[in-house]
Amino acid sequence: KGQKPVVISTWRNGIQANEEAWKTLISGGRALDAVERGVMVVEADPKDRSVGYGGRPDRDGNVTLDACIMDEHSNCGSVACLQNIMHPISVARKVMEETPHVMLVGEGAYKFARSQGFKKENLLTPESEKQWKDWLKKSNYKPVINIENHDTIGMLALDANGNISGSCTTSGAAWKLPGRVGDSPLIGAGLFVDNEVGGAVATGLGEAVIRTAATTITVEMMRQGHSPAQAAKLAIERIMRVHKNHPDMPNLQVGILALNKDGEYGGHSVRSGFNFSVCNSDGNRLEDAKFRLK
Ligand code: SD4
């Protein structure tokens, strides 16, 4: 049985993010505020090497950030390849609320952020710089499942008024080509919300998520009557079918979380190892997603 309010987010780091989001939800606040404030905790955490401050850089040593946010009215905002700003999710929200656009990238996103009062900050921590320098020795680009590329935070919340919003924020794939944008800032790929139905977020190999519009199809599956758990499973099966003969398949990991209007949720991944954090009135805890492959 579903409950509201509820917040779910990807990976173990979602626990601290949920804790923050819950404060907003339990005081009757908006899901939109919850999903922004929640993921900000992880953006500022240097220990998370895939999000915001402390994120692993691209192969030139620059930390570039992707983020998006979507509310219960299908308003959305997004930034991609943004540098030197600690909270890309808040810049994405400003794009949504203060401009006629949905997405700003690179230098334009940075200039916009500065004009909105965001500070310029160095996001490359000594630890991430050291990892990058180690990587440079061989310069071998090979994403390692569940480790190297996968701590992006995606969050979905259903508030006490029955409204759903979502957020997603990442430094993307470590050692990516400069200028690479993943699924995380793309509405319909890394995140999709339709307040009539529910929402979905994705983590993992962004290219595979984009090829399949994975969160869009998850939400559409729920619209057709599937539970969130079933919808996430069907979307993962679709991703696997599409990538059957693809060079990405041997290392492919994608995890999808889904939440519906009744507060029911579910998660599914291609391979084992994907977990997610759930917080409702039963508490804040980590759950393992179901998966197709060991
Ligand atoms: C990307 N989907 O940029 C992101 C990476 C990710 O946990 O999810 N990391 O492809």
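Computed from a predicted structure; not experimentally measured. We count residues from 1, following the sequence as given. First listed ligand is number 1; within each ligand, the first listed atom is number 1. Computed over heavy atoms, backbone and side chain alike; hydrogens, waters and symmetry mates excluded.
Inclusion of Thr170 in the set of residues having an N or O under 3.5 Å from an N or O of ligand 1 is not warranted. Residue contacts with ligand 1: Asp66 is placed with no nitrogen or oxygen under 3.5 Å of a nitrogen or oxygen of the ligand (distance criterion only).
One option in Ala208, Gly55, Gly182, Gly204 has a heavy atom closer to atom 4 (C) of ligand 1 than any other, and that option is Gly204. The residue among Arg180, Gln253, Lys176 with a heavy atom at the shortest distance from atom 10 (O) of ligand 1 is Arg180. Counting heavy atoms only, Thr152 comes closest to atom 6 (C) of ligand 1 of the residues Asn13, Val51, Thr152.
Of all atoms in ligand 1, numbered sequentially from 1 with element shown, those under 4.0 Å from a heavy atom of Ala173 are 3 (O). Distances below 4.0 Å separate heavy atoms of Asp183 from the following atoms of ligand 1: 1 (C), 2 (N), 4 (C), 10 (O). Counting the atoms of ligand 1 from 1 in the order shown, those under 4.0 Å from a heavy atom of Ser184 are 2 (N), 4 (C). Close approach of ligand 1 to Gly172 is summarised as follows: ligand atoms under 4.0 Å from at least one heavy atom of the residue are 3 (O). Numbered from 1 in the order shown, with element, the atoms of ligand 1 that lie under 4.0 Å from a heavy atom of Thr203 read 6 (C), 7 (O), 8 (O), 9 (N).
In this structure the side chain of Leu234 reaches within 4.5 angstrom of the side chain of Gln230, judged on heavy atoms.
Distance alone, capped at 3.5 Å, is enough to place a donor-acceptor pair between the Asn284 side chain and the Ile15 backbone. A donor-acceptor contact shorter than 3.5 Å links the side chain of Thr10 to the backbone of Thr152. Judged by distance alone, the side chain of Thr170 and the main-chain N or O of Ser50 form a donor-acceptor pair under 3.5 Å.
Here Glu20 does not pair with Arg37 in a salt bridge; the nearest charged N to carboxylate O distance is not below 4.0 Å. Under 4.0 Å is where a charged nitrogen must lie from a carboxylate oxygen, and between Arg241 and Glu237 no such pair does. The pair Arg93-Glu97 meets the salt-bridge criterion, since a charged nitrogen lies less than 4.0 angstrom from a carboxylate oxygen. Taking 4.0 Å as the cut-off between side-chain N and carboxylate O, Arg30 and Glu72 count as a salt-bridged pair.
With a 4.0 Å heavy-atom cut-off, ligand 1 is reached by no atom of Arg49.
For Ser50, the closest heavy-atom approach to ligand 1 does not fall below 4.0 Å.
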